[in-house]
Amino acid sequence: VRELGIEKNTVIIFMSDNGAPSQCPQNLPLRGHKIDPYEGGIRDPLIVKWPGVVEEGSLCNEPVIIEDFFPTILEIAGVRKYEQPGGEIDGRSFVPNLKGKKVNSQNRDFFWHFPHNYGSEPYSVIRKGDWKLIYWYLDGKTELFNIQDDIGERKDLSSTCPEITVDLSKKLGRYLNSVGVKAPIDKLTRIARPLPGE
């Protein structure tokens, strides 16, 4: 970029799509590896260089998700909302974060859906503020963690905080239904496993 002389008008975004593979050392204190629903499998660093906009050496602790990249890049490129192709866009632009503005993500829900038996059992996840609920399809078990207090996800609070567990399970199930996801199917019975909250 520097050799081409476009360093000052080029935005560079660097991220990973998953946590470290299981054959790599664990990213302590985070629990889990790539494909796991724990923070070690889904939490990644994000580095953005945007000359004249992102202050060098600045930090932002607000979470974003990969679906946020498309609307962010469109906004950086100056594409207005009504010009965006393909209908409704998943995600939200994180340009305000890059410009150092205060963004409250505490009320935003984040979702992950992994309905496969590939290196992990099928699961879905919701994170709302500091709370994170994991729903396992094979046995219908839920796990609840407070990420702020327990970044290593060692203490399952699903039985000690039943109201939060039920609320997040229902919220997760409603979201999955609203986007038309497919639940994993039991190979023996050929019946779909219930979604969370059902």
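- Side chain of D156 to main chain of L144: a donor-acceptor pair is present (N/O by atom type, distance under 3.5 Å, no hydrogens or angles).
- Two residues are said to be in side-chain contact when any heavy atoms from C-beta on lie closer than 4.5 Å; D68 and S93 fail this criterion.
- Atom CZ of R108 sits about 10.5 Å away from atom CD of E62, to the nearest 0.5 Å.
- Both I42 and I35 belong to a common hydrophobic cluster when Ile, Leu, Val, Met, Phe, Trp and Tyr are linked at side-chain heavy-atom distances under 4.5 angstrom.
- Salt bridge E153/K132: present, at least one basic N to carboxylate O contact under 4.0 Å.
- Here side chain to side chain donor-acceptor pair (under 3.5 Å) pairs that include residues 163-176, with residues two or more places apart or in two chains, number zero.
- Atom CZ of residue F145 and atom CZ of residue R127 lie 13.0 Å apart, to the nearest 0.5 angstrom.
- A distance of 8.0 Å separates CG of N97 from OG1 of T72, quoted to the nearest 0.5 Å.
- Of the inter-residue distances, the one linking I151 atom CD1 with D130 atom CG reads 9.5 Å to the nearest 0.5 angstrom.
- Side-chain polar atoms of Q148 and W131 form no donor-acceptor pair below 3.5 angstrom.
- Here the OG1-CD1 distance, from T142 to I134, works out to 10.0 Å after rounding to the nearest 0.5 Å.
- The hydrophobic cluster containing I66, built from Ile/Leu/Val/Met/Phe/Trp/Tyr side-chain heavy atoms closer than 4.5 Å, also comprises V11, I13, M15, L46, V48, W50, V53, V54, V64, F69, I73, I76, F94, V95, L98.
- Side chains of W136 and S120 form a contact here, defined as non-hydrogen atoms less than 4.5 Å apart.
- W112 and V181 fall into different hydrophobic clusters, where Ile, Leu, Val, Met, Phe, Trp and Tyr side chains are chained together by heavy-atom contacts under 4.5 Å.
- In this structure, E39 and R31 have side chains that are not in contact, with every pair of non-hydrogen atoms separated by 4.5 Å or more.
- Residue pairs meeting the ring-ring contact (aromatic ring centres under 6.0 Å, His included) criterion with at least one partner in residues 22-49, sequence neighbours excluded, are absent.
- Residues S158 and E143 form no side-chain contact, since every pair of their non-hydrogen atoms from C-beta on lies 4.5 Å or further apart.
- Between D109 and K128 there is a salt bridge, since at least one side-chain N of the basic residue sits less than 4.0 Å from a carboxylate O of the acidic one.
- For residues 6-16, the set of pairs meeting the side chain to side chain donor-acceptor pair (under 3.5 Å) definition, not counting sequence neighbours, comprises R2-E7, E7-K49.
- For F110, there are no ring pair (Phe, Tyr, Trp, His ring centres under 6.0 Å) partners two or more places apart in sequence or in a different chain.
- Note: the hydrophobic cluster containing L176 also contains L133 (ILVMFWY, side chain heavy atoms under 4.5 Å, direct or indirect links).
- A donor-acceptor contact shorter than 3.5 Å is absent between the side chain of N27 and the backbone of G40.
- Cluster annotation: L168 and Y137 are assigned to the same hydrophobic cluster (Ile/Leu/Val/Met/Phe/Trp/Tyr, side-chain heavy-atom contacts under 4.5 Å, transitive).
- With values rounded to the nearest 0.5 angstrom, Q26 atom CD is found 8.5 Å from D36 atom CG.
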N/O donor to acceptor pairs below 3.5 angstrom from side-chain atoms of residues 185-198, sequence neighbours left out:
{"unit_1": "D186", "atom_1": "OD1", "unit_2": "L188", "atom_2": "N", "d": "2.8"}
{"unit_1": "D186", "atom_1": "OD1", "unit_2": "T189", "atom_2": "N", "d": "3.1"}
{"unit_1": "D186", "atom_1": "OD2", "unit_2": "R193", "atom_2": "NH2", "d": "3.0"}
{"unit_1": "T189", "atom_1": "OG1", "unit_2": "I191", "atom_2": "N", "d": "3.2"}
{"unit_1": "R193", "atom_1": "NH1", "unit_2": "L138", "atom_2": "O", "d": "3.1"}
{"unit_1": "E198", "atom_1": "OE1", "unit_2": "L195", "atom_2": "N", "d": "3.0"}

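- Closest approach of P115 and K182 over heavy atoms only: CB-O, 3.8 Å.
- D149 places no side-chain N or O within 3.5 Å of a backbone atom of N146 that could act as its donor or acceptor partner.
- Among all heavy-atom pairs drawn from D44 and G19, the shortest one is OD1-N, 3.4 Å.
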